[in-house]
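Comments concern the structure below.
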Amino acid sequence: MAEPEPRKFGLLRCCKFHWRGKACIIIPIITLPILIMGFEYDMAEYKCLYLIATMALLWITETLPIYITALLPIVYCPVFGLVSADIVCRLYFSDTIVMFLGGLIVALSIEYCNLHTRIALRVIRIIGGSPRRLFVGLVSVSVFMGLWISNSAGTAMMCPIVKGVVNELEANNIYPVYMTQEEEPVEEGEPPHPSKVTIALYVGVAYAATIGGLGTLIGTGTNLVFKGIYEQRFPTSTEEITFANFMVYSIPIMVVCNITLVMIAMLTTHMGLFRPNSKTGMLIKEANTNRKLLEDVLRQRHMDLGPMSCHEIQVSIFFALMIIILFTRRPGFFPGWSLFLNAVPIGSSAGLFVIILLLFALPTQYVFFRYCCGQPPFPGQALDALLSWRFVHQNIAWGLLFLLGGGFALAEASSRSGVNVMVARAMQVLIGSPSIVVQLFTVLLSMFFSTFNSNVVIANILIPILCEMALVLEIHPLILTLPSCLCISMCYFLPVSTPPNAIVCNYANIKTKYFAFCGLLPTIIGYWLTILNTNTWGMLIFSETNKFPDWAKEIKNQSNI
């Protein structure tokens with residue numbers, strides 16, 4: 001009997017299996033020299049820099065789940081003597097994070113009663129049934145949803161609606177909704193790839209949710225990261241970031257102008273607008289002849305939903321009430337309701353959770369009133385509430401709360417240790433440069449990093465540095481931090497850039513090369529609109545940003561920058 005050949009050690013084979021476990025050990029060792037310098041010279045800056053570098057590498061490589069990596073400050077900050085455990089843990093459930101949680105719960109209440117489907121079908125019926133009109137209708141619904149709920153939740157809600165529309169387009173032979181085997185070969189058993197027009201429908205919904213998220217504080221996590229870090233670093237700032245002034249700042253140019261230009265760009269590149277003789281243009285022209293058939297189908301689907309139920313009516317009312325409460329807490333141009341309750345400062349989360357408590361308390365219908373004065377027997381079946389805790393528990397993105405909290409903890413550690421000051425001092429070469437030149441550089445840098453990583457992660461790393469950079473360059477902090485916060489969300493090239501990108505790529509089976517092509521013009525549009533908004537409309541909303549304020553000078557002197 002022949003002896004088995006001895007097994008040979010292979011480095012590549014060794015690294016292939018469970019590489020994440022090995023990387024969990026290797027990455028902290030790679031960054032260990034920074035920590036050694038911190039203890040050798042007793043410098044808190046290097047100790048904190050070690051934590052930042054380690055977390056950044058773990059986030060980028062996703063060696064650990066990004067939400068678990070965000071919990072590292074709970075361990076390292078007290079151990080390294082950077083921030084006490086009590087303060088660190090408090091940052092994981094701040095008013096900003098609670099407001100984000102409230103936005104997610106309200107979004108689930110809309111999905112729970114299927115209100116989003118009714119809204120989408122109604123808008124599509126109003127706009128029309130041709131492919132271009134369907135695109136405009138779906139994008140309009142998505143951008144509106146993105147304003148009030150997280151862009152991730154909005155995209156997840158819209159994808160099944162888009163799929164239903166696409167199925168109807170295919171069933172009625174309006175146009176080829178998938179690529180042929182010659183255009184994009186697929187293996188047996190794999191789903192087909194969507195055609196150029198179908199890609200526009202899916203990708204347009206994702207981009208619209210992202211752009212809608214720029215309009216309100218609860219629209220996307222990066223906005224809340226900015227608000228939390230800005231207020232944490234500049235507590236004496238006279239320019240308070242409220243729900244109202246953030247909306248007024250962002251909506252006219254960053255939402256309305258942005259979505260209009262993005263729609264025109266995608267209609268041109270993917271739906272033959274202004275190119276009637278192109279292949280796509282001819283395809284759309286032929287599809288328009290059958291639009292009446294599709295409109296009849298969508299009308300029937302809308303009618304099948306029946307009249308609005310008591311459940312949907314109540315959720316609609318509470319949704320509108322949420323908008324009013326958030327907008328009027330402290331709008332700035334008239335006294336808000338929080339000023340009348342002047343015992344202690346009241347955040348946006350207080351008003352938002354009044355709505356959420358009612359969603360869990362009120363029933364979906366009120367038929368029990370007929371039995372109040374009646375005679376037995378009475379029905380023994382319990383009535384469902386407007387929102388189910390089981391549904392919330394199963395569908396809420398709890399990890400995002402850890403991610404936001406980890407960013408705030410990292411920002412607090414960076415501020416207390418002085419690492420942000422150390423990094424900002426390296427930017428002194430830009431002293432004396434016009435603010436618009438600095439903006440061009442910082443916005444481009446933010447978009448570049450966000451292209452290859454989660455936007456919330458990049459916001460947690462960059463915004464604290466930009467706060468200190470503004471002090472070094474003696475520029476109003478809002479000039480650097482707010483534009484960068486917005487542009488971080490507008491990276492459309494890769495699925496990893498933002499959650500909506502990842503959702504539609506996975507849901508619609510869109511290849512990365514097609515997705516990257518879609519994102520070229522929208523990214524360029526977003527970059528220049530950010531610069532335009534900051535230096536025109538933004539100057540009117542935050543009128544003090546054209547100079548370095550006194551409160552910032554005081555903070556700079558205290559920081560010894």
Side-chain angles (χ1 to χ4, degrees), residues 117 120-121 123-124 127-143 154-187 189-210 259 262-273 275-276 278-291 293-295 297-298 301 492-495 500-522:
T117 303
L121 287 175
V123 171
I124 291 170
I127 291 180
S130 70
R132 287 176 187 158
R133 292 190 178 191
L134 283 173
F135 174 80
V136 173
L138 291 167
V139 165
S140 300
V141 175
S142 187
V143 75
T155 305
M157 286 181 182
M158 290 301 298
C159 279
I161 296 173
V162 177
K163 185 177 182 180
V165 172
V166 169
N167 288 341
E168 296 297 341
L169 290 167
E170 183 182 26
N172 292 280
N173 294 319
I174 303 298
Y175 73 89
V177 299
Y178 296 108
M179 293 184 183
T180 63
Q181 189 73 7
E182 291 74 21
E183 291 175 321
E184 189 63 56
V186 293
E187 298 293 333
E190 290 185 5
H193 297 289
S195 65
K196 182 184 286 189
V197 178
T198 308
I199 287 174
L201 296 177
Y202 279 108
V203 173
V205 161
Y207 290 176
T210 297
I259 194 62
V262 168
M263 280 196 296
I264 293 172
M266 293 199 67
L267 285 171
T268 304
T269 57
H270 286 73
M271 291 193 169
L273 185 65
R275 299 183 296 117
S278 64
K279 181 180 177 181
T280 307
M282 298 295 289
L283 196 68
I284 295 295
K285 184 178 179 181
E286 183 180 349
N288 288 339
T289 60
N290 299 323
R291 74 177 189 182
L293 180 62
L294 180 61
E295 288 173 357
V297 173
L298 294 176
R301 286 190 62 194
Y492 305 109
F493 289 110
L494 300 176
N501 294 2
I503 290 170
V504 295
C505 275
N506 179 68
Y507 191 91
N509 193 33
I510 300 173
K511 298 192 76 170
T512 302
K513 62 180 180 180
Y514 298 119
F515 196 89
F517 175 73
C518 291
L520 183 60
L521 281 178

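Between Val205 and Cys159 the shortest side-chain heavy-atom distance does not fall below 4.5 Å. In this structure the side chain of Tyr514 never reaches within 4.5 angstrom of the side chain of His193, judged on heavy atoms. The closest side-chain heavy-atom distance from Asn501 to Phe515 is below 4.5 Å. In this structure, the side chains of Pro176 and Leu283 come closer than 4.5 Å at one or more pairs of heavy atoms. Side-chain contact check for Phe135 versus Met263: some heavy-atom pair is nearer than 4.5 Å.
The distance from the NZ atom of Lys196 to the NZ atom of Lys279 is 8.5 Å, given to the nearest 0.5 Å. The CD1 atom of Ile161 lies 8.5 Å from the CZ atom of Arg301; values are rounded to the nearest 0.5 Å. How far CG of Leu273 is from OG1 of Thr268: 4.5 Å, rounded to the nearest 0.5 Å. Taking CD1 from Ile510 and OG1 from Thr198, the interatomic distance works out to 9.0 Å, rounded to the nearest 0.5 Å. Note: Lys285 NZ to Thr280 OG1 = 14.5 Å, rounded to the nearest 0.5 Å.
Closest of all the heavy-atom pairs between Pro131 and Leu201 is O-CD2, 4.3 Å. Between Thr155 and Pro500, the shortest heavy-atom distance links the atoms OG1-CB, 3.3 Å. A pairwise comparison of heavy atoms in Pro522 and Cys518 identifies CD-O, 3.1 Å as the closest pair. The heavy-atom pair separating Gly272 from Ser278 by the smallest distance is CA-OG, 4.2 Å.
Distance alone, capped at 3.5 Å, places no donor-acceptor pair between the Arg132 side chain and the Ile284 backbone. A donor-acceptor contact shorter than 3.5 Å is absent between the side chain of Ser142 and the backbone of Leu138.
When ring centroids are compared, His270 and Phe517 come within the 6.0 Å threshold.
Judged as a ring-ring contact (aromatic ring centres under 6.0 Å, His included), and not counting sequence neighbours, the contacts of Tyr492 are Tyr207.
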